[in-house]
Colleague: 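Let me give you the structure first, and then I'll get to my questions.
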Amino acid sequence: KNKLKSIKYGINERMANKMRILFMGTPDFALESLKAIYEKNYEIIGVVTNPDKPKGRGMKMIAPPVKEYAIEKNLKIYQPTKIRGNIEFIEEIKELNPDAICVVAYGKILPKEILDIPKQGCINVHGSLLPKYRGAAPIQWAVLNGDKTTGITTMYMNEGMDTGDMILKETVEIGEEETTGELWERLSKIGGKLLVKTLEEIENGTANREKQEEKDASLAPMLDKKMAEIDWKNKTSKEIHNLV
């Protein structure tokens, strides 16, 4: 009993020294970041994710990967259909009193009312080297455009779309035959590690804060199914290769 008490005390003591985190994310890309902060014993006071969606021929309701992990770890789950103008949800977040909100591929733009809640700010993990490829599909566009490198950026969020001050970056090379799916998986793991490092620097008061250069900014909008059509006549073999 004494041994169990000391183990429990040790865990609680470590968590007491960590920030209280509200995590917001939805797909498997976000899951790696949630895993990373959970395994580093951060106090995760809640997980916000998108509602379950019907999938497949039977249109069975499927939970997002982040929700499945939160259930497994017995974390409090929130699935609001909307957050903008959702006074009840915003008040609930205020009551949770998070030190920081970590946002990774959540899928909704946060209103100022939520951005202003955490003492240490809202921290985002983005799948590009900002300010390049702001938007919903940075990994896909890096592959589509045949880029040689890409990476992960962590940043303080503001009301703009991926326009906040940058904290940390990590650059990776893109393989000649690497698909979006393969790059997605690699970057998701890097994103988790970089988020932990970012939180540690924020805790220590050593976090960088670098403004984005607007002149270098570009957008990575959501993909359209029409883009899947191959234009054999006007596109080069390299462009077709990157599209596939």
Side-chain angles (χ1 to χ4, degrees), residues 23 25-40 65-66 69 102-107 123-157 160-202 206-224 227-232 234-244:
F23 186 86
T26 301
D28 50 358
F29 185 84
L31 174 58
E32 292 298 330
S33 289
L34 178 57
K35 280 182 180 178
I37 61 173
Y38 180 87
E39 289 169 2
K40 284 292 182 179
V66 161
Y69 184 81
C102 295
V103 184
V104 189
Y106 173 48
I123 313 303
N124 180 241
V125 176
H126 188 75
S128 78
L129 299 174
L130 289 170
K132 191 173 185 179
Y133 295 140
R134 294 172 177 171
I139 300 172
Q140 292 90 328
W141 281 101
V143 174
L144 272 167
N145 290 335
D147 290 0
K148 300 297 183 186
T149 60
T150 186
I152 291 287
T153 305
T154 57
M155 66 172 175
Y156 291 104
M157 296 175 70
M161 185 175 68
D162 302 324
T163 56
D165 293 347
M166 300 175 292
I167 308 170
L168 291 174
K169 286 185 178 183
E170 184 164 336
T171 302
V172 300
E173 292 185 2
I174 303 175
E176 276 293 317
E177 302 298 324
E178 191 166 20
T179 66
T180 290
E182 291 164 345
L183 183 58
W184 174 286
E185 187 175 344
R186 266 207 306 145
L187 289 177
S188 67
K189 289 179 171 58
I190 293 169
K193 292 175 184 175
L194 208 63
L195 176 58
V196 168
K197 188 177 179 184
T198 298
L199 292 175
E200 289 172 348
E201 291 193 4
I202 290 173
T206 58
N208 183 43
R209 191 157 197 153
E210 180 185 352
K211 296 284 184 187
Q212 295 190 38
E213 291 286 348
E214 287 299 319
K215 63 181 177 61
D216 298 326
S218 61
L219 297 178
M222 290 180 69
L223 303 186
D224 189 304
M227 292 172 62
E229 184 177 353
I230 297 175
D231 184 353
W232 299 100
N234 298 307
K235 297 293 183 183
T236 66
S237 59
K238 186 63 178 175
E239 288 172 325
I240 293 170
H241 169 272
N242 293 339
L243 175 64
V244 173

Colleague: Does Val143 reach the side chain of Thr179, with side-chain heavy atoms less than 4.5 Å apart?
Modeller: no
Colleague: Strictly distance-based, threshold 3.5 Å: is any side-chain N or O of Thr154 a donor or acceptor partner for the main-chain N or O of Asn124?
Modeller: no
Colleague: Search all heavy atoms of Ile240 against all heavy atoms of Trp232 and return the closest pair with its distance.
Modeller: CD1-CE3, 3.8 Å
Colleague: How many angstroms lie between atom CG of Leu187 and atom CD of Glu170, to the nearest 0.5 angstrom?
Modeller: 9.0 Å
Colleague: Donor-acceptor pair, Thr153 side chain versus Leu130 backbone, under 3.5 Å?
Modeller: yes
Colleague: With heavy-atom distances below 4.5 Å as the criterion, would you say the side chains of Ser218 and Arg134 are in contact?
Modeller: no
Colleague: May I have the step-by-step check of side chain to side chain contact (heavy atoms under 4.5 Å, CB included) for Gln212 and Asp165, ending in yes or no?
Modeller: CA-CA 6 Å; Gln212 295 190 38; Asp165 293 347; over 6 Å; no
Colleague: Any donor-acceptor pair under 3.5 Å linking the side chain of Glu32 with the backbone of Lys193?
Modeller: no
Colleague: Any carboxylate oxygen within less than 4.0 angstrom of a Lys/Arg side-chain nitrogen, looking at Glu178 and Arg186?
Modeller: yes
Colleague: Could you walk me through whether Glu210 and Met155 pass side chain to side chain contact (heavy atoms under 4.5 Å, CB included), step by step?
Modeller: CA-CA 9 Å; Glu210 180 185 352; Met155 66 172 175; over 6 Å; no
Colleague: Please report the shortest heavy-atom distance between Leu195 and Cys102, naming the atom on each side.
Modeller: CD1-SG, 3.9 Å
Colleague: Between Thr150 and Ala142 (side chain of the first, backbone of the second, donor and acceptor by atom type, cut-off under 3.5 Å), is there such a pair?
Modeller: no
Colleague: Looking at side-chain heavy atoms only, is the closest gap between Leu144 and Leu223 below 4.5 Å?
Modeller: yes
Colleague: Hey, does the side chain of Asp28 reach the backbone of Leu31 with a donor-acceptor pair shorter than 3.5 angstrom?
Modeller: no
Colleague: Inspect the contact between Arg209 and Glu201 and indicate whether a charged nitrogen and a carboxylate oxygen are less than 4.0 angstrom apart.
Modeller: no
Colleague: What I'd like to find out is whether the side chain of Tyr156 reaches to under 4.5 Å of the side chain of Ile202, using heavy atoms alone.
Modeller: yes
Colleague: Crowded around Glu200 CD? As in, over 12 foreign heavy atoms under 6.0 Å?
Modeller: yes
Colleague: One pair to check against side-chain hydrogen bond (donor to acceptor under 3.5 Å, both in side chains): Asp147 and Trp141. What are the steps and the verdict?
Modeller: CA-CA 9 Å; Asp147 290 0; Trp141 281 101; over 6 Å; no
Colleague: Would Tyr38 and Tyr69 satisfy side chain to side chain contact (heavy atoms under 4.5 Å, CB included), going step by step from the backbone distance to the final call?
Modeller: CA-CA 10 Å; Tyr38 180 87; Tyr69 184 81; 3.4 Å; yes
Colleague: Testing the basics here: between Glu239 and Asn234, what is the closest heavy-atom pair and its distance to 0.1 Å?
Modeller: OE1-O, 4.5 Å
Colleague: Should we count CD of Glu182 as having more than 12 external heavy atoms under 6.0 Å?
Modeller: yes
Colleague: To the nearest 0.5 Å, what is the distance between CG on Leu219 and NZ on Lys132?
Modeller: 12.5 Å
Colleague: Before you tell me yes or no, could you show the steps for Thr149 and Ile174 under side chain to side chain contact (heavy atoms under 4.5 Å, CB included), namely the whole-Å CA-CA distance, both residues' side-chain angles and the distance that decides it to 0.1 Å?
Modeller: CA-CA 5 Å; Thr149 60; Ile174 303 175; 5.7 Å; no
Colleague: Within a strict 4.5 Å, meaning less than it, do heavy atoms of the Ser188 and Val125 side chains meet?
Modeller: no
Colleague: Under a 3.5 Å threshold, yes or no: a donor from one side chain and an acceptor from the other, between Tyr133 and Asn145?
Modeller: yes
Colleague: Surrounding CE of Met227 (heavy atoms of other residues, nucleotides or ligands, distance under 6.0 Å), is the total greater than 12?
Modeller: yes
Colleague: Of all residues at least two apart in sequence or in a different chain, which pass the side chain to side chain donor-acceptor pair (under 3.5 Å) check with Lys238?
Modeller: Glu176
Colleague: Please report the shortest heavy-atom distance between Phe29 and Ile152, naming the atom on each side.
Modeller: CZ-CD1, 3.9 Å
Colleague: Between Ala105 and Pro27, what is the shortest heavy-atom contact and its length?
Modeller: O-CD, 3.0 Å
Colleague: State, with a plain yes or no, whether a side-chain heavy atom of Leu199 is found less than 4.5 Å away from one of Lys40.
Modeller: no
Colleague: Could you tell me the separation between the OG atom of Ser128 and the NZ atom of Lys169, rounded to the nearest 0.5 Å?
Modeller: 8.0 Å
Colleague: Going by the side chain to side chain contact (heavy atoms under 4.5 Å, CB included) test, name the single residue among Ile123, Val66, Val103, Val104 that passes it with Ser33.
Modeller: Val104
Colleague: Of all the heavy-atom pairs spanning Pro221 and Ala137, show the shortest one and how long it is.
Modeller: O-CB, 3.5 Å
Colleague: Enter the distance from Leu168:CG to Thr198:OG1 here, rounded to the nearest 0.5 Å.
Modeller: 4.0 Å
Colleague: Is Lys35 salt-bridged to Glu39, going by a charged N under 4.0 Å from an acidic O?
Modeller: no
